[in-house]
Amino acid sequence: MIARATLVLTLLLAASATHAEGSMMGAWERGDGIARVKVAPCGTVICMTNTYIKPGVQDEKVGERLEFDVKSSGDELKGAVLDPKTGKSYSATIVVNGDRMTTRGCILGGVICKSTDWTRIR
C-alpha cells in the first residue's frame, strides 16, 4: 500500500512538473514592452530567446537567450538560469499563472534579485 501511494505521488509530481514547464512554453511580451521572447526546450534546458527588441535598446539583441535549468517546486519552477552572453548563472524562480508569468533571478544567495513580468502573446 505504501509503495503504491509513493508511486502515485511520484507520478503526480512528475505530471505537475511537466505541466508547469509546458505552461511556460510559447511567446511572451515583457511587461515594459521592450522585449518579446520565445520559450522552448533546447537540449536539456528551457531557452528564452529574444524575438523582438524595441528599437533604440542597446544592451539586448534579437537572438540572444537565457537558459533555464528548472524543476517544479509546488506552484513554481526553481533552479538556475545561465546567460550565455556573460557566462554568469543566477538562481531562478518562475511562476506561471494562465497568460501571466513572472521570472525572478537572484545573486549572492538571494540578497540581490530582479523580477520581470510577462504576458503571453497569442
Side-chain angles (χ1 to χ4, degrees):
M1 184 70 153
I2 291 174
R4 183 175 178 185
T6 302
L7 176 61
V8 169
L9 181 58
T10 301
L11 291 173
L12 287 173
L13 289 174
S16 174
T18 301
H19 173 72
E21 291 171 6
S23 67
M24 74 180 287
M25 302 303 165
W28 298 86
E29 181 173 46
R30 199 161 75 190
D32 59 12
I34 289 176
R36 293 184 195 133
V37 298
K38 177 182 176 186
V39 178
C42 59
T44 61
V45 297
I46 298 169
C47 287
M48 180 180 280
T49 305
N50 289 339
T51 59
Y52 165 86
I53 298 296
K54 187 175 183 177
V57 173
Q58 300 299 316
D59 57 340
E60 295 187 53
K61 306 279 185 248
V62 170
E64 291 179 341
R65 71 178 189 221
L66 296 175
E67 298 175 2
F68 290 86
D69 185 6
V70 292
K71 304 287 183 237
S72 182
S73 177
D75 292 339
E76 304 174 325
L77 294 166
K78 290 189 173 192
V81 59
L82 170 68
D83 181 350
K85 182 170 81 171
T86 65
K88 294 183 180 177
S89 285
Y90 308 90
S91 65
T93 303
I94 302 168
V95 177
V96 180
N97 186 4
D99 288 342
R100 303 260 185 234
M101 175 171 65
T102 300
T103 55
R104 181 173 174 220
C106 299
I107 59 172
L108 301 174
V111 174
I112 300 172
C113 298
K114 180 182 177 186
S115 292
T116 305
D117 293 322
W118 302 86
T119 302
R120 189 180 304 276
I121 301 170
R122 298 252 177 218

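What's counted below: heavy atoms across the whole structure, side chains too, no hydrogens, waters or symmetry copies. Fair warning: this is a prediction, and the values are worked out from it, not measured in the lab.
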If you define the side chain from C-beta out and look only at heavy atoms, does anything of T103 sit under 4.5 Å from M48?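 In short, these two side chains touch, coming nearer than 4.5 Å.
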
When you compare the side chain of V81 with that of F68, does any pair of heavy atoms fall below 4.5 Å?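 Heavy-atom side-chain distance check passes, below 4.5 Å.
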
Quick check for you: to the nearest 0.5 Å, what is the distance between [X] atom [atom1] and [Y] atom [atom2]?
X   : Y    : atom1 : atom2 : result
N50 : I34  : CG    : CD1   : 11.0 Å
L77 : I46  : CG    : CD1   : 6.5 Å
K78 : S72  : NZ    : OG    : 10.5 Å
S91 : I107 : OG    : CD1   : 9.0 Å

Applying a strict under-4.5 Å side-chain criterion to I, L, V, M, F, W and Y, I'd like to know whether [X] and [Y] cluster together.
X   : Y    : answer
M25 : W28  : yes
L66 : Y52  : no
M24 : L82  : no
V39 : I53  : no
V45 : M101 : no

Between the main-chain N or O of R36 and the side-chain N or O of T51, is there a donor-acceptor pair closer than 3.5 Å?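 Between the backbone of R36 and the side chain of T51 there is a qualifying donor-acceptor contact (under 3.5 Å).
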
Does K61, at its NZ atom, have more than 12 non-hydrogen atoms belonging to other residues, nucleotides or ligands within less than 6.0 Å?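 Yes, enclosed.
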
Between R104 and E76, is there a side-chain N and carboxylate O pair less than 4.0 Å apart?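 Looking at E76 together with R104, the answer is no, because their closest N to O distance does not fall below 4.0 Å.
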
Can you give the donor-acceptor pairs under 3.5 Å from side chains of residues 93-100 to other protein atoms, not counting sequence neighbours?
| unit_1 | atom_1 | unit_2 | atom_2 | d |
| --- | --- | --- | --- | --- |
| D99 | OD1 | R120 | NE | 3.2 |
| D99 | OD1 | R122 | NH2 | 2.5 |
| D99 | OD2 | R122 | NH2 | 3.1 |
| R100 | NH1 | T119 | OG1 | 2.7 |

Please give me the minimum heavy-atom distance between S115 and T102, naming the atom from each residue.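 In this case the closest contact between S115 and T102 is CB-CG2, 4.3 Å.
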
Least distance between heavy atoms, A80 atom then A92 atom: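 Looking at all heavy atoms of both residues, the closest pair is C-CB, 4.0 Å.
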
Applying salt bridge (Lys or Arg N to Asp or Glu O under 4.0 Å) between K85 and each of E60, E67, E64, report the one that passes.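 Answer after filtering E60, E67, E64: E64.
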
